[in-house]
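Below is one structure, written out as structure tokens, with a few remarks after it.
Chain letters run A, B, ... following the sequence lines, proteins first and then strands; every chain starts at 1.
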2 protein chains.
Amino acid sequence: MAGTRSMGRRERLRAETTAEIKDVALELMASGGPDAITLRAIAREMGMTANAIYGYFATRDDLVTTLINDLYTALADAVDAAWNAAPAKDPAARIQAWAAAFRNWALDNPEGFRLIYGDPVPGYQAPEGGAAPDAAHRVCTGITALAAAAWPHAGRLYEGGDFEWSDFDDGLLAKVRPAFPDLPPAAVALALRIWGHLHGLISLEVYGHLRAQTTSPDKLFRQELTALIRSLGMAPGN
Amino acid sequence: MAGTRSMGRRERLRAETTAEIKDVALELMASGGPDAITLRAIAREMGMTANAIYGYFATRDDLVTTLINDLYTALADAVDAAWNAAPAKDPAARIQAWAAAFRNWALDNPEGFRLIYGDPVPGYQAPEGGAAPDAAHRVCTGITALAAAAWPHAGRLYEGGDFEWSDFDDGLLAKVRPAFPDLPPAAVALALRIWGHLHGLISLEVYGHLRAQTTSPDKLFRQELTALIRSLGMAPGN
DNA sequence: GCGAAAACTATACGCCGTGAAGTTTGAATA
DNA sequence: TATTCAAACTTCACGGCGTATAGTTTTCGC
């Protein structure tokens with residue numbers, strides 16, 4: 001927690017308790033799935049009463065929303081880091097690193113993935129401008145960077161499709177267009193499609209649907225990456 | 001329900017009650033999401049006691065499992081029908097019809113889609129050889145048919161990848177190999193990847209994640225289909 | 001008509017989220 | 001230092017949930 005030092009004792013304790021609630025909630029989720037996130041269970045674990053948590057989160061759904069925000073931000077951080085760690089001179093390697101980081105995060109945090117991309121809260125609506133939409137836009141921007149890196153090779157394959165800027169969300173464009181001023185709308189559409197491809201395989205795997213079909217999801221994902229790089233007009237490394 | 005006529009009065013009533021329980025459960029799910037499937041709510045709607053349902057389903061999860069089986073079978077029927085309705089002479093049209101049917105079913109039955117592909121029951125494991133794995137294999141077989149139809153054009157693009165028959169589930173292969181005796185393992189891998197592509201875009205849309213990025217998911221999916229057909233070495237129609 | 005089995009109800013237990021009201025605690029102020 | 005007051009926390013309560021156990025009613029086969 002940043003700035004803990006500058007707070008008064010009271011605020012510091014409050015911040016620590018808030019953090020502990022979230023930590024315990026994540027532990028419970030890791031061991032028992034999203035449904036195990038229970039105010040009473042958290043309180044039990046912390047030696048408190050369930051109602052005490054209402055001093056920190058207005059409602060159980062509020063707590064879950066906060067967890068989603070945190071997790072989505074962590075996911076976005078992870079893929080950004082992988083992207084930045086790969087050599088900028090080698091777009092194919094960057095793309096592979098990005099996608100592999102995405103899948104690895106999902107496999108390492110399956111319950112987190114479910115919480116982010118599933119819908120644990122019935123009728124849950126992400127608040128406008130919250131951390132989760134921001135993280136979602138970061139992820140999409142990452143894929144757009146991926147598409148942008150490949151656009152010199154792939155553009156001629158995917159241009160057209162009569163996409164216009166008005167087809168996309170303003171918040172997303174606010175992140176994407178300044179970063180890649182020369183990119184056409186078709187490139188953003190390509191990015192969203194790539195997102196869909198990766199998300200599909202990963203979520204089938206995380207939710208256990210792939211397991212019923214193949215014993216080698218790793219191999220399948222590797223093949224997917226190779227095909228992705230090729231479909232972007234580039235040559236896959238190693 | 002088949003064979004209703006030949007049953008005794010008792011069995012008939014029993015079958016009707018069972019069907020009503022499932023119907024009410026589906027209605028509740030449609031209006032309030034999977035969490036609204038509650039034994040007490042169903043019983044209330046039927047003018048019964050919640051415990052009466054235990055005469056028909058051993059547990060709430062059993063009921064949900066049955067619903068998943070029914071829904072997955074309905075989905076498999078829908079895509080099979082679309083496939084068969086398109087002219088066999090035009091593989092591209094068949095593929096497009098299949099994929100469009102998949103998406104339409106999902107958009108028409110979003111809660112059903114969640115029930116099938118999400119994980120409403122924590123730690124839920126599909127029983128071996130049940131209706132749901134069977135429907136899953138049917139869906140995968142459908143996509144394999146799709147890959148098989150395109151294999152004459154697409155094979156050279158996707159062969160290799162060192163896939164072997166042992167990489168795939170026996171139940172799936174039992175359906176796939178007799179139907180397409182000449183197909184190599186790489187074609188099944190391609191089919192699973194295509195499944196992933198479609199599933200990804202559709203599930204992002206059903207779960208509301210696409211809405212935060214684009215206002216034209218239809219256009220995006222149309223583009224996806226065009227790219228799919230092209231990536232299979234064929235020419236997209238209209 | 002009768003006995004058995006099936007269908008259903010009644011009651012109860014332990015979970016859950018959450019609201020209202022009361023109590024403790026600790027920091028700021030007079 | 002004594003007082004005050006808000007924050008932190010507890011207690012009690014309500015209704016909803018799945019489900020186990022036991023009891024009651026209905027209905028079919030003989």
Side-chain angles (χ1 to χ4, degrees), chain A residues 1 4-22 24-25 27-29 31-68 115 119-124, chain B residues 1 4-22 24-25 27-29 31-68 115 119-124:
Chain A
M1 258 316 105
T4 303
R5 192 60 160 281
S6 66
M7 299 188 229
R9 177 179 146 76
R10 197 121 188 191
E11 294 168 85
R12 192 172 60 248
L13 284 178
R14 184 176 177 77
E16 280 168 11
T17 305
T18 305
E20 190 184 352
I21 292 172
K22 296 201 283 186
V24 172
E27 279 168 30
L28 288 170
M29 180 183 73
S31 62
D35 289 23
I37 305 177
T38 281
L39 296 187
R40 292 180 127 104
I42 295 168
R44 223 177 290 131
E45 205 77 21
M46 293 177 66
M48 289 168 60
T49 299
N51 272 322
I53 298 178
Y54 282 91
Y56 300 87
F57 297 94
T59 194
R60 194 200 91 114
D61 286 4
D62 258 44
L63 169 58
V64 171
T65 300
T66 303
L67 293 178
I68 291 176
L115 215 51
D119 197 11
V121 186
Y124 175 81
Chain B
M1 231 20 50
T4 303
R5 192 59 157 279
S6 66
M7 299 186 229
R9 177 181 147 75
R10 198 126 188 184
E11 296 168 84
R12 193 171 59 248
L13 284 178
R14 183 173 179 78
E16 281 167 11
T17 305
T18 306
E20 189 184 353
I21 291 172
K22 296 201 283 185
V24 171
E27 279 168 31
L28 288 170
M29 180 183 74
S31 62
D35 288 22
I37 304 176
T38 280
L39 295 187
R40 292 180 129 103
I42 295 169
R44 225 176 289 130
E45 204 78 21
M46 293 176 66
M48 289 170 60
T49 301
N51 272 322
I53 298 178
Y54 283 91
Y56 299 88
F57 298 94
T59 194
R60 193 201 91 115
D61 286 5
D62 259 43
L63 168 57
V64 171
T65 300
T66 303
L67 293 179
I68 291 175
L115 215 50
D119 197 10
V121 186
Y124 174 81

| said: One pair to check against side chain to side chain contact (heavy atoms under 4.5 Å, CB included): I37(B) and R60(B). What are the steps and the verdict? | reply: CA-CA 9 Å; I37(B) 304 176; R60(B) 193 201 91 115; 4.1 Å; yes
| request: Respond yes when some side-chain nitrogen or oxygen of T38(A) is under 4.0 Å from OP1 or OP2 of dC15(C), and no when none is. | output: no
| request: Rounded to the nearest 0.5 Å, what's the gap from OH on Y56(B) to CD1 on I42(B)? Could you check? | output: 13.0 Å
| query | dC14(D) P sits how many Å from R40(B) CZ, rounded? | reply | 17 Å
| Mind checking what makes side-chain contact (heavy atoms from CB on, under 4.5 Å) contact with A41(B), not counting sequence neighbours? | L28(B), T38(B), R44(B)
| request: Starting from the 5' end of DNA chain D, give me the residue, A58(B) or A41(B), whose nearest nucleotide shows up first. | output: A41(B)
| request: Could you state the atom-to-atom distance from OH of Y54(B) to P of dA22(D) in whole Å? | output: 17 Å
| query | Hey, does L39(A) have a side-chain heavy atom less than 4.5 Å from the side chain of Y54(A)? | reply | yes
| task | Round to a whole Å and report the spacing from CD of E16(A) to C1' of dA8(D). | result | 15 Å
| query | Got a sec, which residues hit side-chain contact (heavy atoms from CB on, under 4.5 Å) with E27(B), two or more places apart in sequence or on another chain? | reply | none
| note | When rounded to whole Å, the CG to C1' distance for the pair L13(A) and dG26(C) reads 11 Å
| How close or far is atom P of dA20(D) from atom CG of D62(B), stated in whole angstroms? | 11 Å
| request: Under the side-chain contact (heavy atoms from CB on, under 4.5 Å) rule, collect the residues that match up with T59(A), sequence neighbours excluded. | output: D61(A), D62(A)
| said: If I take atom CZ in residue R60(B) and atom P in nucleotide dA20(D), what distance separates them, rounded to the nearest angstrom? | reply: 14 Å
Find every protein N or O atom lying less than 3.5 Å from an N or O atom of nucleotides 6-8 of chain C, and list the pairs.
from   : atom 1 : to     : atom 2 : distance (Å)
dA6(C) : O4'    : R10(B) : NH2    : 3.2
dA7(C) : OP1    : R14(B) : NH1    : 3.2
dA7(C) : OP2    : R14(B) : NH1    : 2.9
dC8(C) : OP2    : Y56(B) : OH     : 2.5

| query | dT18(C) P sits how many Å from L63(A) CG, rounded? | reply | 10 Å
| query | Whole Å only: how far is the CD1 atom of I42(B) from the P atom of dG16(D)? | reply | 16 Å
